Amino acid sequence: MRKLMFFLMVFALASQVWADKVSLTADAPDVVVSGDQFRLTFTVNTQKGKDFRAPSIGKGFDVLMGPTRSMQSSTQIINGKMSSSSSVTYTYILMAGEAGSYTIPAASIEVDNEKYFSNALTIKVLPKDQADDAGSAATGNVSRSQSTQGRISPNDLFFTTTASKTHVHEQEAILLTYKVYTTLDLRQLLGNISDLKGFHSQEIDLPSQKEWKLEHYKGRNYKTIVWRQFVLFPQQTGKLDIPSVEFEGIIAQRVQTSDDPFDAFFNGGGIVEVKKKIQTPKVTIQVDPLPGKPEGFSGGVGQFSLTSSINAKEVKTNDAITLKLTITGSGNLKLVGTPEVKFPEDFEVYDPKVTNNFDVTSAGVSGSKSIEYLAIPRHAGDFTIPPVEFTYFDVQANAYKTLKTEAYPIKVAKGQGNAGQVVADFTSKESVKVIGQDIRFIKMGDTSYTQKGDYLFGTRRYWAAYLLPFLLFAAFVIYFRKQAQENANVARVKTKKANKVAARRMKQAGKLLAANKKNEFYDEVLKALWGYMSDKLSMPVSQLSKDNIEAELAGHGVASEHIQDFIAALNECELARYAPGNESEAMDKVYAASVEVISKMENSIKHK
C-alpha cells in the first residue's frame, strides 16, 4: 500500500511538472572571435517534446557538429516537499566566420500537439587579433598573453576614461565611464577614484561581481569591464579637469620552474603574481554658463514635468490642508530648489516635507521629487492658492521653460476653536454691588495713634504711587509697540534669528555626526548653510545660488576671503558626501568648517 501511494505521489508530481508552462530556450555567447568554436544549445523543460526543428544557421557560422541530444532529470525532497524537473538539450558546435553581427532565428518543438518557439539570438563576431602570428594556430583568444613572461606592454593592460559630453552647460549631466582593457589574467585592481572637484557626482551602482566581455579595440581583442561610472553635474564654469588616477594591477603569469624542457612540458611551469602600474587618462570638460537666468529660476537643468494635488478644497478653520507638488524627469533633480507656494496670509504655513525617489543609471539621474506643504487656515472665508511656477533650463531645447500648476480655490468655514471668533464679550459687564454693614463689631486690643498732620495723603510718596503706574504703563506701551513693529518685518526678524536657527541645526548635525548617519548629517549641514544665508539675506532658498550669494554678500560689505570660505564650505559638504575614503574624518572636517564659516559670516555682517 505504501509503495502504491508513493508511485501515485510521484505520478501526480510529474503530471504537475508537465502541466507547467513549456519553454524552449536558446543560448550562446554574445561575442565570439572569428575562427573560434563555441556551443549553441536549445533546451526544452520537458521530455515530452518531439519534432525538434533547428533554425537555418546561415552566413557567419559553420556547423562543425550537431545536434547532439541529452536528457536531464532530477528529484529532490526539501523540508518534506518533493520537487522534480526534467529537460532535453540539443547542442551544436559552431565556428565563427567573418567579422560582423549575425542573428540565429528561433527553433521550434512540438509538445502535446502544440508548437513552441525559442528566442532568437544575436551574436557579434570580432575580427582576429592583429597580434596573432600568421602561421600560428592562435584563434584570437585574448587569454594567450597570460603565459608570456617578461615585460608587460602598456597595450596589454590599460584604462580608458570617456565622458558622454565634453562641452556642456553648467549643471548639465555628464556620464563618466572608467573601463579596463586587458589581454592578461588580471586577478586584482587596486586604487580609487580621486575627488572630482568642481562637480557634483553621483555614482552608478554596478554589480559587485563584474563580468568580462570581449571587445575589438584598435586592432586587438580584449577582455573588458566597466570599472566605475559616475553621473556628473558641473558646478563651475570654464575648463574643468577630470584628473588622471593611478591604479595597481595584480597579474598572474605562468613561468617555467625548471630549465628541463620535459619537466616544463609535463608540469606546465608555475604561476607568479606581477604588479603593474596603470593610469587613467585625463579628461577636460568645457562648461558654459547658463544664459541669463530668469526670476524664479529653480536651478533645475534637464527635462522635467510638474504635477500638483490638494487633499481638500472645503475645510473648516484649524483643519490642515496638504498641497503636494511632484517634479518628475531627468537631470539635476537632487539640486533643484523647492518651489515657492504663496499661501493666503490667513494661513499658518509649515516647512515643506521633501521626498526624493531617484534612480542613477547610465542614462543619468531620473525619478521624482515630491514636496508636501502643510497649511492651516485660521479664519473663515473664501481664499485662493495661486498657481505655482517652476522654471528650469531644458538642455535639449537650449532654453528656459516655465511649468505652472492650477490655482486652487479654498472655502473655509467656521469651526471649533476658531482663532477669529470672539471668545468673550467684553462689552457686557455686570454691575458691581457694594454691600455695607450698618453696625460693625467693636475693635478689641491695643490701639495706635498718629500725630496730626502725619498722613500719607498729599505727600510725595502719595503722588508717586499714583504717577508710577502711569509711567510704567506708558513705557510698556512704547516697548511693545516697538516690538510689534519689528515683528511685523518678518525679514528683519529672520535676519536677527539667523544665527540661532543655524546653531540649532548645527547642533542637530553634531548629533547625526556622533550617530554616524552620513546622509542625514550632510542634509542637515546643507540646510544650516543655505538656511542661514536665506535668513541673513532675506531671500527664499529657492532663489539662492552660489553666484547671487557672492554678489549679495559683497553688497553687504563682507570681505572676499570670507565669501570664498563660505562657498568653499558649501562645495566641501557637497563633495564629501559622495567622495570615497575615511567618511568619519570627512564628516568631522565638514562640521568644523561649517561652524567656523557661519561664525565668521555672522561677525562680518554685524560690523558691515
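For clarity, every value in this text was computed on a predicted model and none was experimentally measured.
When atom types are taken as modelled, the side chain of Gln286 and the backbone of Thr284 share no donor-acceptor pair closer than 3.5 angstrom. Distance alone, capped at 3.5 Å, is enough to place a donor-acceptor pair between the Asn332 side chain and the Val301 backbone. No donor-acceptor pair closer than 3.5 Å links the side chain of Thr161 to the backbone N or O of Lys282. Thr317 contributes no side-chain N or O that, together with a main-chain N or O of Arg378, makes up a donor-acceptor pair within less than 3.5 Å. With hydrogens and angles disregarded, a donor-acceptor distance shorter than 3.5 Å links the side chain of Thr280 to the backbone of Val245. Without hydrogens or angle criteria, Tyr400 side chain to Pro291 main chain gives a donor-acceptor distance under 3.5 Å. A distance-only check finds no donor-acceptor pair linking the side chain of Asn356 to the backbone of Lys334 [under 3.5 Å].
Outside the 6.0 Å centre-distance limit, the rings of Tyr373 and Phe347 are not counted as a close aromatic pair.
Taking 4.5 Å as the limit, some side-chain heavy atom of Val180 sits within range of a side-chain heavy atom of Leu157. In this structure, Ile371 and Ile327 have side chains that are in contact, with non-hydrogen atoms separated by less than 4.5 Å. For the pair Gln236 and Val287, the minimum side-chain heavy-atom distance is 4.5 Å or more. Inter-residue side-chain proximity for Lys401 and Phe390 is flagged as unmet; no heavy-atom pair is nearer than 4.5 Å.
For Asp205, the CG atom counts as loosely surrounded, since its 6.0 Å shell holds 12 or fewer non-hydrogen atoms of other residues, nucleotides or ligands. Atom NZ of Lys276 has more than 12 neighbouring heavy atoms from other residues, nucleotides or ligands inside a 6.0 Å radius. Surrounding NZ of Lys210 are more than 12 heavy atoms belonging to other residues, nucleotides or ligands, all under 6.0 Å away. Within a 6.0 Å sphere centred on CD of Gln396, other residues, nucleotides and ligands contribute 12 heavy atoms or fewer.
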Worked check of side chain to side chain donor-acceptor pair (under 3.5 Å) between Gln171 and Gln235: CA-CA 6 Å; Gln171 298 286 353; Gln235 304 296 300; 3.1 Å; yes
Side chain to side chain contact (heavy atoms under 4.5 Å, CB included) between Phe304 and Leu333, worked out: CA-CA 9 Å; Phe304 306 102; Leu333 273 168; 3.6 Å; yes
Derivation of the side chain to side chain contact (heavy atoms under 4.5 Å, CB included) call for Phe383 and Phe343: CA-CA 9 Å; Phe383 304 92; Phe343 285 97; over 6 Å; no
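Judged as a side-chain contact (heavy atoms from CB on, under 4.5 Å), and not counting sequence neighbours, the contacts of Val501 are Arg504, Arg505, Asp535.
Looking at Tyr408 and Ser308, their side chains do bring a donor and an acceptor atom within 3.5 Å of each other. In summary, the side chains of Thr391 and Ser298 do not present any donor paired with an acceptor at a separation below 3.5 Å, with no hydrogens or angles considered.
Of the inter-residue distances, the one linking Thr307 atom OG1 with Leu403 atom CG reads 10.5 Å to the nearest 0.5 angstrom.
Exactly one residue among Gln508, Lys518, Met587 makes a side chain to side chain contact (heavy atoms under 4.5 Å, CB included) with Leu513. That residue is Met587.
Ring geometry, Tyr181 versus Tyr222: the interplanar angle exceeds 60°, so the pair is classed perpendicular (tilted spans 30 to 60°).
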